[in-house]
Amino acid sequence: MELGIRQGDGWQFNYRGTMYSVPSNTLVVTQPQEAHYADSTSDRDCTFRGLRVGIDLLQQVATEVAGRKTALPSFGMPLVHDRDLNTQIVQVHQALEESISGLEPKNPNPKSQI
């Protein structure tokens, strides 16, 4: 499953044969292994933050929440308009970005990689 937040205006999202207009800071949820694409219709800068959750982890969480083995969760509508949830997901993603960037090796001469 992919959880994506688009920040910026003018997003179009095609999923399961339907084109959606995506307002800024809207969570977009796609099912595992399903094709989709997004495009910006604006000349302004836009940001996409995505997090992929593996099927095994998703199955484990669904089973724990239900208290029994259950099917993977399914979302009929890929857009989630929940300001608090979306803000929390952006904060988690930013924290993950910071922790990953702290692990990357520092190159004192970045031009040497060109």
Side-chain angles (χ1 to χ4, degrees):
M1 173 176 290
E2 183 174 270
L3 307 174
I5 298 277
R6 278 114 176 118
Q7 296 174 298
D9 295 324
W11 280 101
Q12 298 290 316
F13 178 71
N14 188 306
Y15 183 61
R16 295 181 176 168
T18 301
M19 184 66 78
Y20 298 91
S21 291
V22 183
S24 186
N25 294 316
T26 298
L27 175 64
V28 179
V29 180
T30 56
Q31 295 298 117
Q33 302 174 343
E34 287 203 19
H36 58 280
Y37 73 87
D39 192 16
S40 175
T41 60
S42 172
D43 291 336
R44 296 181 186 175
D45 288 337
C46 296
T47 301
F48 171 79
R49 288 187 158 85
L51 180 65
R52 291 194 176 106
V53 180
I55 293 174
D56 291 341
L57 178 58
L58 194 57
Q59 182 68 61
Q60 178 184 345
V61 170
T63 298
E64 288 178 15
V65 168
R68 60 182 168 70
K69 188 157 176 92
T70 186
L72 292 174
S74 179
F75 298 86
M77 175 66 163
L79 306 182
V80 178
H81 305 284
D82 182 323
R83 174 179 274 163
D84 293 336
L85 174 64
N86 299 353
T87 298
Q88 290 174 352
I89 289 173
V90 168
Q91 290 170 344
V92 166
H93 199 283
Q94 289 171 331
L96 290 170
E97 287 176 38
E98 290 172 12
S99 68
I100 290 171
S101 67
L103 298 175
E104 293 176 349
K106 304 289 187 255
N107 184 353
N109 187 5
K111 291 182 181 182
S112 67
Q113 293 182 347
I114 298 176

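Treat the numbers as computed from the prediction; the structure is a model and nothing was measured. Residue indices begin at 1 and follow the sequence shown.
The line from OG of Ser21 to CZ of Phe13 is 12.5 Å long, rounded to the nearest 0.5 Å. From Thr26, atom OG1 reaches atom CZ of Arg83 across 10.5 Å, with rounding to the nearest 0.5 Å. To the nearest 0.5 Å, atoms OG1 (Thr18) and CE (Met77) are separated by 9.0 Å. Taking CD of Glu2 as the start and OH of Tyr15 as the end, the distance is 10.0 Å to the nearest 0.5 Å. To the nearest 0.5 Å, atoms CD (Gln91) and CG (Leu96) are separated by 12.0 Å. Rounded to the nearest 0.5 Å, atoms OG1 (Thr87) and CG (Asn25) are 7.0 Å apart.
When side chains are defined from C-beta on, Leu57 counts as touching Val61, because their heavy atoms get closer than 4.5 Å. Counting heavy atoms from C-beta outward, Gln12 and Tyr37 have side chains that stay 4.5 Å or more apart. Annotation: side chain of Glu97 is in contact with side chain of Arg49 (closest heavy-atom distance under 4.5 Å). In this structure, Phe75 and Gln31 have side chains that are in contact, with non-hydrogen atoms separated by less than 4.5 Å. Side chains of Thr30 and Met1 form no contact here, defined as non-hydrogen atoms less than 4.5 Å apart. Side chains of Val28 and Ile5 form no contact here, defined as non-hydrogen atoms less than 4.5 Å apart. Residues His81 and Leu79 form a side-chain contact, since some pair of their non-hydrogen atoms from C-beta on lies under 4.5 Å apart. Between Val80 and Leu85, the closest side-chain pair of non-hydrogen atoms falls below 4.5 Å.
A donor-acceptor contact shorter than 3.5 Å links the side chain of Thr63 to the backbone of Gln59. Judged by distance alone, the side chain of Asn14 and the main-chain N or O of Met19 form no donor-acceptor pair under 3.5 Å.
One hydrophobic cluster, built from ILVMFWY side chains closer than 4.5 Å, cannot hold both Val29 and Val22; they sit in different ones. Linking ILVMFWY residues whenever their side-chain heavy atoms come closer than 4.5 Å, directly or via other members, places Ile89 and Leu58 in the same cluster.
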Test log, rule side chain to side chain donor-acceptor pair (under 3.5 Å), inputs Gln60 and Glu64: CA-CA 6 Å; Gln60 178 184 345; Glu64 288 178 15; 3.1 Å; yes
Worked check of side-chain contact (heavy atoms from CB on, under 4.5 Å) between Gln88 and Val92: CA-CA 6 Å; Gln88 290 174 352; Val92 166; 5.6 Å; no
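In terms of heavy-atom proximity, Ala71 sits nearest to Ala62 at O-CB, 4.0 Å.
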